[in-house]
Number of protein chains: 2
Amino acid sequence: MTKKKTKIPNACPIVNAFHLIGGKWKPYIIYYLQKKNQRFGKLHFLIPDISRKVLTEQLREMESDELIHRKKFDESPPRVEYSLTEKAKEVIPILEALGEWSFKIHKEKMTESLDEEIYIDYCQDYL
Amino acid sequence: MTKKKTKIPNACPIVNAFHLIGGKWKPYIIYYLQKKNQRFGKLHFLIPDISRKVLTEQLREMESDELIHRKKFDESPPRVEYSLTEKAKEVIPILEALGEWSFKIHKEKMTESLDEEIYIDYCQDYL
DNA sequence: TGTCATGGTTACATTTTCGTTACTACTTAT
DNA sequence: ATAAGTAGTAACGAAAATGTAACCATGACA
């Protein structure tokens with residue numbers, strides 16, 4: 001058995017999807033923007049564990065993928081508002097289905113646990 | 001605006017889902033196992049760019065997450081067969097929806113390109 | 001007796017992703 | 001004159017993920 005050498009030019013569409021909306025922070029960004037348009041600072045407050053550098057990077061990436069829209073107001077101090085595009089809004093039901101699936105698995109595995117209630121509260125909010 | 005310090009015990013269910021089925025290789029593993037149960041060596045042939053070390057790691061992880069089943073035959077040379085569990089099979093329609101969504105975005109962006117046909121062929125197969 | 005095949009494992013190196021800290025430009029309020 | 005607030009950026013470093021190359025145990029087969 002020798003190596004297959006037919007390189008796929010772009011990754012498979014599912015891998016592609018993970019590039020668009022996966023990673024450590026993009027799900028949170030989508031989550032908070034889906035509820036409400038947000039300014040940079042507020043987004044950083046809502047997702048405090050991300051560094052501002054990485055938040056900027058992720059937002060720029062999502063902007064160039066046309067998943068979010070960046071609206072800059074010509075004011076001072078500067079104001080920038082981020083919102084989801086239609087493309088991004090279309091994927092939300094799919095993400096919710098994914099969340100429900102993983103939540104079901106999680107519940108099956110962890111029958112007891114002190115953190116369980118907190119997790120469930122958080123998930124109810126999310127799902 | 002100070003830092004929010006309420007740590008979430010486990011990540012949000014969507015982030016959790018990405019741990020289960022995301023990453024560089026798990027989508028491919030799911031894809032090939034969904035078509036047909038596979039032995040370790042065949043899987044490595046089908047996904048030639050993964051190293052055997054990482055393939056082992058990913059398979060072990062998915063096994064402990066109960067997404068795949070590992071069946072070892074007592075033969076020589078050894079034979080091991082991997083298959084998807086019911087849990088994993090449940091997520092496939094969701095993954096397909098995700099793939100269609102990202103494929104649609106991809107098509108909108110790339111109107112021309114030489115690789116396009118190859119990509120589409122690959123995707124048709126995938127979707 | 002020694003080579004082959006399978007399904008790995010181990011130690012180490014590299015790449016990719018993410019974080020820390022300090023800094024900037026602009027304008028209004030004190 | 002200077003401090004404060006917003007939305008960043010730049011240089012550097014740490015951590016996480018992945019890759020490379022060599023090795024192992026088993027039994028069949030020549």
*Main-chain N/O of A:E96 paired with A:W101 side-chain donor or acceptor, under 3.5 Å*: no
*asked:* With a 4.0 Å cutoff (strictly under), does any side-chain N or O of B:R52 reach OP1 or OP2 of D:dT18?
replied: no
*How are the rings of B:W25 and B:Y28 set to each other: parallel, tilted or perpendicular (split at 30° and 60°)?*
tilted
*Going by atom types only, do A:Y32 and A:K36 share a side-chain donor-acceptor pair under 3.5 Å?*
no
*Between B:E57 and A:G23, which has a closest nucleotide on DNA chain C that is more 5'?*
B:E57
*Report which part of the nucleic acid B:K72 touches: base, sugar-phosphate, or nothing (heavy-atom distance under 4.0 Å, all strands).*
nothing
_Below 4.0 Å: OP1/OP2 of C:dT6 and any side-chain N or O of B:R39_ = no
Dump every N/O contact between nucleotides 26-29 of chain C and the protein below 3.5 Å, one line per pair.
| residue | atom | partner | partner atom | Å |
| --- | --- | --- | --- | --- |
| C:dT27 | O4' | A:S76 | OG | 2.4 |

_With a 4.0 Å limit, can you tell me whether B:K24 has a side-chain N or O closer than that to the phosphate oxygens OP1/OP2 of C:dT16?_
no
*Could you check whether A:R79 gets within reach of a base, just the sugar-phosphate, or nothing at all, counting any heavy atom under 4.0 Å?*
sugar-phosphate
*asked:* Counting only side-chain nitrogens and oxygens, does A:K42 get under 4.0 Å of the OP1 or OP2 atom of D:dA7?
replied: no
_Sugar-phosphate only, base, or nothing, as touched by A:F73 at under 4.0 Å among non-hydrogen atoms_ = nothing
*Does B:R60 make a side-chain N or O approach to OP1 or OP2 of C:dG8 shorter than 4.0 Å?*
yes
